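Counting from 1, the numbers follow the sequence of the chain as shown. The model shown is predicted, which means the values in this text are computed figures rather than measured ones.
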Amino acid sequence: MRIHIKQSVAISMAALGFFAAAGISQSTTVSAKSRVKVTSNAKLKTDAASRNVTFTGKAALWNKASALKGAKKVATTITLKDLAKAGRSSKNVRAYRVARTNRGRVYYKVVTFDGKDRGWIYGGRSRTNFAGGLKTYQTFQQTSLSSEMSNGNFQIANPGTANDNQTVTYKQPAWTQYKVGRQVTDSRPYANVSYKIDQAGTRTREGDQWVHISATSNGNSGADGWIRYSGLKPASNINSPIADNAVRINLVDSATGSSITSVDYTKTGAAKGSALGSNVNGTWKLEATDSSAIQSQIASALAAHGYTGFTLTPGQMAAIAQGTFGASVTISVVKPTISKAVRIVLTDPSGNVINSVDYTNATAKDGQPVGTLDGTTWKLAAADSTAIQAKLVDALKGTGHALSANNTLTADQQALIAQTTFGNQVSVKTVAANPVKDNEVQLSFVDQQGTSLGTTTLTKAATDKTALETIKAASGSDPTSTNSATLKAAYDALLTKAGVKGYYTTDLTADQLKANLAALNAAAFGQSVKLVVAKIPVKALASSFTFFDHAKQDIWNYKDFPINYLEDANGKRDSDTNFSKQLMTDTNLNGYAGNVVSAASVNNALKAQHLDTIYYAAKDDGWWAAAGTYLASGDFGTNGSLFADSMKGKTIYVYKVTLTAKANDNTVALDQKGNLDTPLLDKDGNVTIADAPVKVGLKYT
């Protein structure tokens, strides 16, 4: 038997609300208005989603219960009707407190999800059903998956940091639950992760389609969450092995050079290394059957990415015809113009594409020029000029190029853009921001999608005869080596010089490595060399977390008791497995292999996931044990009842336990088959992220 010596209190079922709550607060008596006074004022404790409401327009919003003396109107019924019809989920409403007067009238305190509208509103005479000025509202409608969703693999189409519903993922569809935000704030580490869709639905106000995605590989689950369906693209197979009887056709965007997708064209009986087409009088051609099949296959693959109506040109057919079985060939395709936008393609002085941006404004119409003709000169409106310049300058960051000597739009560039019509694209040449000198060679690093990461300029030493010798000297090794370790060391050194972190060569394709080798061998002084690098996969520190109460087993001895069902500091009750998943994906505990996680980071993760303080319940088994059996999920009730009927007559103990990670302390320990004696953090309070995650045990006291 055991006894717990810690904060505890025996409570009846009727008195207990959420464990994390301090109790129901009673308000002081408010000045009477016709002797009306508040008899109770309590925080609502039902499931959060059940407290999503909307306004009926039958009652106004007040700074306190409208029946009380001195109450002031915050919003009229007309305003509330408009809010109820708003097409933005940020205007969803949450009820979070309830008050009752001595006349039996009930008032709810509510707030819009954006926090801009808050106050008290009449809600009828029942504290269990919304009435009067409020009614229950479903912010999100679950729908079934389409066959495309169920069967497809997807990637985030435009990884980045934008909080625009399509770039990063969210814990719930944006603005559908109060104060529930993003799952990740930067999706770039997950650019090449393949996802399956396991849930779908639409936001009630906007009617836009959202899906929940889960990584097909467990090690890449950090961004698992909700995202607008339009923010996904079909996953590319560009990095998978190529069959001996297949030619892989890699499709890249002509404007940005970034990878779109790829298709494998197979032919029965084809010999590895043989050409797909044939050379007829110096011209490469495809057989009619091959041409038709490839055209259909590519058009179908591109349509899923928004490149509709694609038709192979003679030049593209010739390029594909030269492809060999067991290998790949790359062709560039032009994306259809975006409706009511102009695409501005940025090129270097030689015409090579650097990047592109799409620009639109409130008055844009397809076929209409962006600017106006003033006499014989095309001009941009001041607002358009400022907005376009800001977009272009941002797109050129880190590329080593600028719009002009002072990085502003020239009159000629403005005129070129001004006469371009919405729905079309225009190319704008840039200049080298810091021209490479005759005794220098510049290395420009880009990711696998062609996005610029950074540059470094190397200066020729007196003994260097070639630019490659200068590059090798700077790398301290040989970036042209076929030895993977030597290659990695060389690139690591060069990437460090360029200030690029989180990239390596390990996951590059054979074609990308071949292109890098060719670029390095062709390096020359006074020129820039473009090198492709791959994003290093993000690793998780832990594969699981288990929760323990470090409590007295008897009067003399302590023992670590597993907690399988608990409540966090925010009032959320769930299994240890689900809370473990939350911690595993916390960004404080993830990084690249070799990164150090400190005690402060562990504590930040615990706090961010509301697990620095937790609560659990146990029932009195009699005699020694104040709480002999921990309560599981089945011991709690439904439909507003805290406990299941089986708990009637039982004395329930609620325990509040806390944890703070410390250096060389086994409160946070390696969980080796239940053995928690080995501290996770060393004497300096650090632990290094390894290739393989570890199991971690948390001892709360």
- For the side chain of Y195 and the backbone of D224, is there at least one donor-acceptor N/O pair under 3.5 Å apart? no

- Query: Strictly by modelled atom types, are Q166 and S230 linked by a side-chain donor-acceptor pair under 3.5 Å?
  - Reply: yes

- Task: Establish, from distance only, whether the side-chain atoms of D464 and T470 form a donor-acceptor pair under 3.5 Å.
- Result: yes

- Closest non-hydrogen atom pair, Y503 against L495: O-CD1, 3.3 Å

- Item | Expected output: side-chain D394 to main-chain A390 donor-acceptor under 3.5 Å | no

- Smallest separation among heavy atoms of I563 and F548, with atom names: CD1-C, 3.9 Å

- Message: L566 vs Y700, test: side chain to side chain contact (heavy atoms under 4.5 Å, CB included). Steps then yes/no.
- Response: CA-CA 12 Å; L566 57 137; Y700 288 82; over 6 Å; no

- Item | Backbone N/O of Q582 and side chain of D586: donor-acceptor pair under 3.5 Å | no

- Aromatic ring pairing Y616/Y655, orientation class (parallel under 30°, perpendicular over 60°, tilted between): parallel

- Task: Go through the steps to decide whether W210 and F140 satisfy the test ring-ring contact (aromatic ring centres under 6.0 Å, His included), and finish with yes or no.
- Result: CA-CA 9 Å; W210 284 69; F140 184 74; 7.7 Å; no

- Message: What I want to check is whether the side chains of S481 and N483 have a donor and an acceptor closer together than 3.5 Å.
- Response: no

- Output yes when a side-chain donor or acceptor of S580 lies under 3.5 Å from a complementary backbone atom of F545, and no otherwise. yes

- Are D612 and K607 within salt-bridge range, i.e. N to O under 4.0 Å? no

- Query: Taking all atoms of both residues into account, what is the closest heavy-atom pair of Y565 and D574, and its distance?
  - Reply: CD1-O, 3.5 Å

